[in-house]
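Have a look at the structure below before the remarks.
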Amino acid sequence: MERRFKVYVYAEGEPPILHAGPCKNIYTIEGRFIEQLELLAPPAAGVRTWDPDRAHAFFLPFSVVQMVHFAYRPLSYDRAPLLSLVRDYVRVVASRHPFWNRSAGADHFMLSCHDWGPDASKGDPELYANGIRALCNANTSEGFRPGKDVSIPEINLYDGDTPRQLLGPSPGMSARPYLAFFAGGRHGHVRDLLLRHWKGRDPATFPVYEYDLPSTTGNGNSSGSHNRRGRDRQSDYFAYMHRSRFCLCPSGHEVASPRVVEAIHAGCVPVLVSDGYAPPFADVLRWESFSMSVPVADIPRLKEVLEGIPTAEVERLRDGVRLVNRHFTLRQPPERLDMFHMILHSVWLRRLNFRLDH
């Protein structure tokens, strides 16, 4: 791929909806991917080409997050403006270039980490049916097709950089007294079920909290995480990850969770608690070698399931976590085998599934 694959980025459109996106917080990947691809320049442009006749894939550089910010009327639940923007943009590129029409969009791709990314792609029927959709919300029960679409990691970079607590070496097993850990809100039925079964049941070995994570910062404040500053809450959260063998990553309102990437960076084995989630980079990464997958129906047995895993197997999984860490890291500028290149590799694999007859 590194020597052959070429991507053309359409120049049509202007920021903030085109050629721009968020580069921090929970939708980081949407803006960073657009930014990093468009910053590639000769002589080290690598995958990017300015000659569309040399391109194997064509990128539609719109941001669904920006569409929601600028075009969605809050609390209206009306997503029609998003669909209209996508439809209009596809019509523009199809009217000015021959590439969309010759493949019915099959060699084109979009990328979105917003929950409404899959819905926005329905703005153009050919994009939804034929195009390569790179999505964080990779839910097979809602139309995500692993053989055609690309699952991308959700990564929450609070201030645009990987949290410093996750940059150092991760503690070994002897420094991890907790079997598993979760802290978060009741966002969706999966988390609600998890909290109903496990919240506060066994904080000594299986801590599960709902926005009431005890302080580990030594500031003497034990009144609950909502009353402490954001940086203190973040430090507490990552401290618990570093002290846990497994990190529970239940689906929220949608299937993806930034906890997966955070767990990997913390050296904590991610436990995917979901139904219908297609994990990122599964074409080349063996998720069973560095994570656990637990059906939602098994939440009542969650502690029993994890306690039944031998110590040697936990160590093997943690070794796997260390090996895949670089694939779930965003670098600036991009580095070989990092998250940016892994996404492009996934697009390339799907482009190989389509043959264009000139």
Side-chain angles (χ1 to χ4, degrees), residues 22 24-29 113 136 153-173 175-188 190-192 194-195 197-274 290-292 302-303 306 318 321-322 325 328-330:
K24 60 178 63 177
N25 295 325
I26 200 166
Y27 301 124
T28 293
I29 190 60
C113 206
C136 286
E154 190 168 86
I155 182 169
N156 190 353
L157 299 187
Y158 301 86
D159 58 5
D161 296 313
T162 300
R164 59 177 178 77
Q165 298 94 328
L166 299 179
L167 292 175
S170 63
M173 283 279 281
R176 295 178 181 266
Y178 301 129
L179 174 65
F181 161 69
F182 171 81
R186 296 178 185 266
H187 302 157
V190 179
R191 292 196 201 173
D192 181 67
L194 176 68
L195 288 166
H197 274 278
W198 295 108
K199 176 184 175 182
R201 180 174 292 187
D202 186 4
T205 62
F206 200 78
V208 173
Y209 296 101
E210 181 185 6
Y211 290 139
D212 53 358
L213 188 63
S215 174
T216 63
T217 58
N219 60 10
N221 187 341
S222 60
S223 58
S225 62
H226 272 314
N227 295 323
R228 301 199 306 279
R229 293 182 304 166
R231 289 190 179 276
D232 286 344
R233 293 197 299 270
Q234 183 178 316
S235 294
D236 293 337
Y237 181 76
F238 293 136
Y240 269 87
M241 281 192 159
H242 276 130
R243 301 184 69 193
S244 303
R245 284 165 273 169
F246 295 95
C247 288
L248 306 181
C249 305
S251 295
H253 291 303
E254 303 297 345
V255 292
S257 170
R259 285 173 176 80
V260 177
V261 172
E262 291 165 349
I264 290 171
H265 288 175
C268 183
V269 178
V271 180
L272 309 183
V273 187
S274 62
F290 62 91
S291 72
M292 293 289 298
L302 198 50
K303 185 180 178 184
L306 298 179
R318 292 192 66 246
V321 167
R322 285 190 286 270
N325 187 303
F328 292 89
T329 301
L330 274 176

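Note that the structure is predicted; figures quoted are calculated from it, not measured.
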- Task: Give the minimum heavy-atom separation between Pro270 and Ile264, together with the two atoms involved.
- Result: CG-CG1, 4.1 Å
- Residues passing the salt bridge (charged side-chain N to carboxylate O under 4.0 Å, His left out) test with Arg176, sequence neighbours excluded, are none
- Item | With Cys247 via side chain to side chain contact (heavy atoms under 4.5 Å, CB included) - residues at least two apart | Met241, Ala263, Cys268
- Message: Test of understanding: with disulfide (SG to SG under 2.5 Å), list the residues that count as partners of Cys249, not counting sequence neighbours.
- Response: none
- Using the test side chain to side chain contact (heavy atoms under 4.5 Å, CB included), find all partners of His253 that sit at least two apart in sequence or belong to another chain. His187
- Task: Check Ser235 against Arg164 and note the closest heavy-atom contact, atom names and distance.
- Result: OG-NH2, 4.4 Å
- Query: Considering residues at least two apart in sequence or located in another chain, which fulfil the salt bridge (charged side-chain N to carboxylate O under 4.0 Å, His left out) criterion with Lys199?
  - Reply: Glu210
- Just jot down the side chain to side chain donor-acceptor pair (under 3.5 Å) partners of Asp202, sequence neighbours excluded, or say none. Thr205, Lys303
- Task: Please identify each residue that fulfils side chain to side chain donor-acceptor pair (under 3.5 Å) with Asp192, with sequence neighbours left out.
- Result: Arg186, Arg196
- Message: I'd like to know if the side chain of Arg318 reaches the main chain of Gly267, judged simply by a donor and an acceptor atom lying under 3.5 Å from each other, with no hydrogens or angles considered.
- Response: yes
- Item | Nearest-0.5 Å distance that lies between atom OG in Ser251 and atom CG in Leu194 | 11.0 Å
- Item | Side-chain heavy-atom pair Pro177, Arg243 within 4.5 angstrom cut-off | yes
- Can you tell which of Tyr158, Tyr211, Phe181, Tyr209 makes a ring pair (Phe, Tyr, Trp, His ring centres under 6.0 Å) with Tyr237? Phe181
- Message: The criterion is ring-ring contact (aromatic ring centres under 6.0 Å, His included); which residues satisfy it with Phe328, sequence neighbours excluded?
- Response: Phe281, Trp287
- Please, which pairs that meet salt bridge (Lys or Arg N to Asp or Glu O under 4.0 Å) have at least one residue in residues 247-261, sequence neighbours excluded? none
- Query: If every non-hydrogen atom of Asn25 is compared with every non-hydrogen atom of Asn156, which pair is closest and at what distance?
  - Reply: C-OD1, 3.1 Å
- For Gly184 against Leu195, the heavy-atom pair lying closest together: O-CD1, 4.0 Å
- Query: Given Thr162 and Leu330, is the side-chain contact (heavy atoms from CB on, under 4.5 Å) satisfied, shown in steps?
  - Reply: CA-CA 8 Å; Thr162 300; Leu330 274 176; 6.0 Å; no
- Message: Quick check against the 3.5 Å criterion: does Asp159 have a side-chain atom that pairs as donor or acceptor with the backbone of Asp161?
- Response: yes
- Message: With a 4.5 Å cut-off on side-chain heavy atoms, are Leu213 and Arg233 touching?
- Response: no
- Item | Partners passing side chain to side chain donor-acceptor pair (under 3.5 Å) against His265 (at least two apart in sequence or in another chain) | Thr329
- Message: Let me confirm one number: the CD-NE2 distance from Gln165 to His242, rounded to the nearest 0.5 Å.
- Response: 8.5 Å
- Query: What closest approach, in Å, do Pro163 and Leu157 show between heavy atoms, and which atom pair accounts for it?
  - Reply: CD-CD2, 4.3 Å
- Item | Ser274 vs Val190 side-chain heavy atoms within contact, under 4.5 Å | no
- Message: Going by side chain to side chain contact (heavy atoms under 4.5 Å, CB included), name the residues that satisfy it together with Ala180, two or more places apart in sequence or in a different chain.
- Response: Phe206, Phe246, Leu248, Leu306
- Item | Residues which pass ring-ring contact (aromatic ring centres under 6.0 Å, His included) with Phe182, listed by chain and number, not counting sequence neighbours | none
- Item | Residue pair Arg201, Val208: steps toward the side-chain contact (heavy atoms from CB on, under 4.5 Å) verdict | CA-CA 8 Å; Arg201 180 174 292 187; Val208 173; over 6 Å; no
